[in-house]
Amino acid sequence: MKLFKSLLVAPATLGLLAPLAATANEVTISDFSAAEEIAVTNSRIDGLEARLNNFEAGSFSETTTASFSVDMAIGAIDGQSVTTSVTDGKEAITATYSFQIDLNTSFTGEDSLDVSIDAGNGSATTLGELDLNTGENLTVDGVSYTFPVGDKTTVFVGDNTDGSALYSTACVYGGITNTLDDCGNVNSALGSGSGTAAGASFDIGNGFTAAIGYTGDGSSNQGILSKEGADAFGGQLTYTGDSYGLSATYANIETAATGTTTAVADSDVTYWALNGYWTPSESGSLPSISVGYETGDSEAASTKDTSTFFVGLQWDEVGPGTFGAAMGTTGHISDGDTEYYMYEAFYSYPVNDGMTITPLVYVKELASPNMDETGVMVKTSFSF
């Protein structure tokens, strides 16, 4: 940006200095006094400064930063269940990518206006567990504004952003699969909101923090907090100690009738999630342990209660990288139904400050067909 400014200012500067030079050549002691020559020079400089100030006023904010990330993945899946005409069980090797731009602007030094723009060619049938961006045209993925209120409260508002943006779920597991990376806090985290989002976090003190979140249909004609709109709201209480943490998360989520966008009065689902982690005081052979458990209780009389759980282990110093392994249910399981599990292991290796390579293998039990889905893939992440 400094080079760009210099290129733009240079012609203006030369334009101003050229007549100044001509004037200086024509001025003689007999025409003007030395005081008069200095006045002419100062006048020219004042005009140049005025033009530079006008240019600065129309430039980008110096408090705006941009960060970029690229994920490139290659791998194969055996036994994948898809609801298309594609034959299950193919072991084709596929390669996908994901690109993201994050723009962050601060107006006071304490607030943050964040815009996320992304693109990619990921899909559910090509290494879908990596949850890469879809659509190769750049699109705005989320907009939010975060600001402090007093010394202990932080507030955010946004669109296409998780209502749990200010939550602090007690989990230190760093897995990369879509099924297990939420540490068992699947629905309570308000990650599948309708668009409009808002929330706040509060520093209670002595290791305790609290947060609330909301998502709603503000970007559609259903409206926010209306009878027709599908609203979701919740809260979280977290305690963080020296080597362990605990969190309890609550959410009430309205759901819409099948094939409609209108919420149904008796279809609200209440979710509770409990999460915890423990980390060893010294690095060594012991891993950190993260666990999560969530229940779902629907108000609909014909719907059973559901639950899901997660357990993850992570060794942060295995050679130059991090090794992790986890297992959990493949999603919420209704009471009395057969449980299906997923198992995974990954190794994350930082090549340098801007590049990380992560091999991953997982096995996912499927209800139909009666077989397991096995995935082997490598994701390379760049950040700059």
Side-chain angles (χ1 to χ4, degrees), residues 69-78 98 127-132 164 167-186 189 191 207 209 236 238-249 273-294 308-331 339-365 372-383:
S69 61
V70 175
D71 291 324
M72 303 181 69
I74 186 170
I77 299 175
D78 179 33
S98 182
L127 313 184
E129 277 294 338
L130 295 182
D131 197 24
L132 301 178
S164 60
Y167 285 14
S168 300
T169 301
C171 180
V172 294
Y173 180 72
I176 61 175
T177 62
N178 188 41
T179 299
L180 298 180
D181 66 354
D182 48 27
C183 300
N185 192 349
V186 182
T209 59
Q236 183 183 78
T238 302
Y239 174 78
T240 303
D242 293 334
S243 60
Y244 70 95
L246 300 169
S247 66
T249 312
L274 298 175
N275 289 86
Y277 72 85
W278 173 84
T279 58
S281 57
E282 296 181 2
S283 60
S285 58
L286 293 177
S288 63
I289 303 173
S290 298
V291 296
Y293 177 76
E294 184 180 73
T308 185
F309 77 90
F310 157 89
V311 178
L313 307 177
Q314 185 165 298
W315 291 260
D316 290 332
E317 295 184 9
V318 179
T322 297
F323 174 76
M327 65 90 62
T329 53
T330 58
E339 294 186 344
Y340 296 93
Y341 303 100
M342 177 171 170
Y343 311 85
E344 71 177 28
F346 74 92
Y347 183 74
S348 183
Y349 168 63
V351 178
N352 50 50
D353 291 340
M355 178 180 178
T356 301
I357 299 176
T358 306
L360 165 73
V361 60
Y362 72 84
V363 176
K364 187 176 183 180
E365 298 177 349
D372 293 340
E373 175 183 310
T374 302
V376 179
M377 54 200 69
V378 177
K379 184 175 81 168
T380 303
S381 300
F382 303 88
S383 59

Got a sec: does the CG of Asn352 have more than 12 other heavy atoms crowding it under 6.0 Å? yes
Could you pull out the closest heavy-atom pair between Leu180 and Phe310, with the gap in Å? O-CE1, 3.6 Å
For Ala73 against Leu132, the heavy-atom pair lying closest together: CB-CD1, 4.3 Å
Looking at Ile77, is its backbone amide N or carbonyl O close enough to the side chain of Glu373 to form a donor-acceptor pair, meaning the two atoms are under 3.5 Å apart? no
For Gln236 and Ser168, work out which heavy atoms get closest and say how close. OE1-N, 2.7 Å
Donor-acceptor check, side chain of Ser348 to backbone of Thr322, threshold 3.5 angstrom: yes or no? no
Polar side-chain atom of Ser290 near backbone of Cys171 as donor-acceptor pair, under 3.5 Å: no
Take Asp316 and Val172, measure what side chain to side chain contact (heavy atoms under 4.5 Å, CB included) needs, and give me the verdict at the end. CA-CA 10 Å; Asp316 290 332; Val172 294; over 6 Å; no
Looking at Ser98, Ser383, Ser381, which one forms a side chain to side chain donor-acceptor pair (under 3.5 Å) with Asp71? Ser381
Give a yes or no on this: more than 12 heavy atoms of other residues, nucleotides or ligands lie within 6.0 Å of atom CE of Met327. yes
Gln314 side chain vs Gly174 backbone, donor-acceptor pair below 3.5 Å: yes
Distance (rounded to the nearest 0.5 Å) between Glu294 CD and Leu274 CG: 9.5 Å
Report yes or no: does Asn185 contribute a side-chain atom to a donor-acceptor pair with the main-chain N or O of Thr169 at less than 3.5 Å? no
Out of curiosity, Tyr347 OH to Ile357 CD1, how far, rounded to the nearest 0.5 Å? 11.0 Å
Specify the closest pair of heavy atoms between Trp315 and Pro287, including all atoms of both residues, with the distance to one decimal. CE2-CB, 3.3 Å
Sidechain-backbone polar pair: Ser247 side chain, Ala170 backbone, donor-acceptor under 3.5 Å: yes
Would you please classify the geometry between the Tyr239 ring and the Tyr244 ring as parallel, tilted or perpendicular, with 30° and 60° separating the classes? tilted
Would you say Glu365's side chain and Asp372's backbone share a donor-acceptor pair under 3.5 angstrom? no
